[in-house]
2 protein chains.
Amino acid sequence: MNIGEVAERTGLPPKTIRYYEDIGLVKPLRDTNGYRAFRESEMHKLAFLGRARTLGFSIEDCRNLLALWEDSNRASADVRAIAKDHLAQIEAKIRDLQEMRDTLSTLVRDCAGDDRPDCPILKTLGTETAAEQR
Amino acid sequence: MNIGEVAERTGLPPKTIRYYEDIGLVKPLRDTNGYRAFRESEMHKLAFLGRARTLGFSIEDCRNLLALWEDSNRASADVRAIAKDHLAQIEAKIRDLQEMRDTLSTLVRDCAGDDRPDCPILKTLGTETAAEQR
DNA sequence: ATGGGGCTTCCAGTCACTGGAGGGTCAAGG
DNA sequence: CCTTGACCCTCCAGTGACTGGAAGCCCCAT
């Protein structure tokens with residue numbers, strides 16, 4: 001299987017697949033012409049990676065998850081620990097963003113948005129701690 | 001005012017302040033010894049930048065906001081447009097993360113997390129479109 | 001043989017910093 | 001006067017996870 005077909009079947013761009021080889025996540029064979037020759041199992045690994053990345057796992061998380069995936073004797077607790085940790089990070093990120101959103105939406109609401117120069121958004125950025133607004 | 005004092009008063013690390021000079025956001029004078037000499041107005045600009053960055057505005061947004069801040073004839077509509085746009089991006093990001101969180105928390109909930117190898121998290125990553133779970 | 005697409009490598013850029021090396025400057029204490 | 005330690009300077013490299021582009025093979029159909 002050439003890289004193009006793998007790209008199509010996994011939904012990952014060829015560039016990304018090459019990058020994943022660079023950093024050692026997959027190790028495709030090579031044809032005599034130098035083209036990467038992916039086995040079915042490699043394709044599945046890449047699909048796995050694509051899904052894990054969609055869920056926001058970092059590359060290092062993915063590397064660990066992949067190792068666990070390949071290890072039929074792994075303990076599910078190990079996988080769960082990675083996922084829980086990642087979940088906590090996502091939740092923290094959501095809270096941060098919600099705080100930003102709340103502050104910003106207050107500012108946007110209070111701004112007339114006309115052609116006069118008076119603007120509570122700039123006023124706040126200029127004088128107060130933005131996070132205190134709301 | 002030396003960089004250290006500005007750093008303390010704005011809460012920005014000296015490295016970041018130097019970086020902001022590099023990319024042309026501030027233009028401090030120089031003492032004869034080569035040290036940066038910040039005026040009060042520069043300090044305020046940096047504080048403004050720090051607050052805008054806290055709200056997640058990109059550097060380019062900050063550059064524009066700063067220009068509007070300095071322009072006493074600006075229209076508040078211009079500021080509001082930038083803020084609204086940014087707000088929309090934050091909201092999109094929140095939705096993405098919430099989707100990830102929902103999928104992940106289902107997976108974590110369904111995983112026994114013991115020393116047996118059976119693991120719904122890996123099973124999902126290996127076979128289904130992760131986003132379809134839930 | 002020619003054209004077009006697919007494949008290769010390597011280099012550079014993204015974003016917003018951050019770390020570190022190597023070295024100059026300043027003020028206080030001995 | 002000298003040393004010490006805190007400050008300041010510049011420049012280079014690295015972060016994460018790609019992405020874009022140049023330059024150049026390879027393969028197949030016409």
Side-chain angles (χ1 to χ4, degrees), chain A residues 1-38 42-43 45-46 48-66 82 85-86 89-90 93 96-97 100, chain B residues 1-38 42-43 45-66 85-86 89-90 93 96-97 100:
Chain A
M1 223 182 314
N2 278 354
I3 199 168
E5 190 184 338
V6 176
E8 199 169 337
R9 290 175 61 182
T10 61
L12 296 171
K15 280 268 184 190
T16 299
I17 297 174
R18 287 190 197 105
Y19 172 69
Y20 287 172
E21 182 186 4
D22 261 15
I23 61 172
L25 289 176
V26 284
K27 297 183 183 41
L29 303 172
R30 295 294 179 134
D31 281 341
T32 46
N33 58 14
Y35 285 19
R36 288 169 183 78
F38 293 87
E42 235 114 36
M43 218 266 303
K45 268 202 210 183
L46 286 165
F48 177 102
L49 286 168
R51 294 188 204 106
R53 294 284 304 128
T54 300
L55 285 177
F57 285 101
S58 72
I59 290 287
E60 280 322 295
D61 279 345
C62 287
R63 202 188 291 279
N64 294 326
L65 290 172
L66 208 48
I82 295 174
D85 204 85
H86 179 44
Q89 284 176 42
I90 287 176
K93 189 87 199 172
D96 275 5
L97 287 172
M100 285 184 200
Chain B
M1 223 184 313
N2 279 354
I3 200 169
E5 191 184 339
V6 176
E8 199 170 337
R9 289 174 61 182
T10 59
L12 296 171
K15 280 267 184 190
T16 299
I17 297 173
R18 289 192 196 103
Y19 172 69
Y20 286 170
E21 182 187 5
D22 262 15
I23 61 174
L25 289 176
V26 283
K27 298 185 182 39
L29 303 172
R30 296 292 181 136
D31 281 342
T32 47
N33 60 13
Y35 286 19
R36 286 167 185 81
F38 293 87
E42 234 114 36
M43 219 265 305
K45 268 202 210 183
L46 286 165
F48 178 101
L49 286 169
R51 294 188 204 105
R53 294 283 305 128
T54 300
L55 285 178
F57 284 101
S58 72
I59 290 288
E60 278 323 293
D61 280 345
C62 288
R63 202 187 292 280
N64 294 327
L65 289 172
L66 208 47
D85 203 86
H86 179 44
Q89 284 175 43
I90 288 176
K93 188 87 199 172
D96 277 4
L97 287 172
M100 284 184 201

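Residue numbers start from 1 in every chain, and the chains themselves are labelled A, B, ... in the order their sequence lines are given, proteins ahead of strands.
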Judged by atom type as modelled, is there a donor-acceptor pair below 3.5 Å linking the side chain of R53(B) to the main-chain atoms of C62(B)? no

Which part of the nucleic acid does I23(A) contact within heavy-atom distance under 4.0 Å: base, sugar-phosphate only, or nothing? nothing

Between CD1 of I17(A) and P of dT19(D) the distance, given in whole Å, is 11 Å

Within less than 4.0 Å of OP1 or OP2 of dC8(D), is there a side-chain N or O belonging to R36(B)? no

Which part of the nucleic acid, if any, lies within reach of Y20(B) when heavy atoms closer than 4.0 Å are counted: base, sugar-phosphate only, or nothing? sugar-phosphate

With a 4.0 Å limit, can you tell me whether R53(B) has a side-chain N or O closer than that to the phosphate oxygens OP1/OP2 of dC15(C)? no

Could you check Y19(A) against N33(B) and say which one's nearest nucleotide on DNA chain D is further toward the 5' end? N33(B)

Can you find a side chain N or O atom of T16(A) that sits less than 4.0 Å from OP1 or OP2 on dT19(D)? yes

For P13(A), report the nucleic acid contact type (base, sugar-phosphate, nothing); a contact means any heavy atom under 4.0 Å. sugar-phosphate

Counting only distance, no hydrogens or angles, is the base of dG24(C) paired donor-acceptor with the side chain of Y35(B) under 3.5 Å? yes

For the helix from dA1(C)-dT30(D) to dG30(C)-dC1(D), figure out the bend between the end axes, five pairs an end, and round to 10 degrees. 30°

Does dT9(C) have its OP1 or OP2 closer than 4.0 Å to a side-chain nitrogen or oxygen of R30(A)? yes

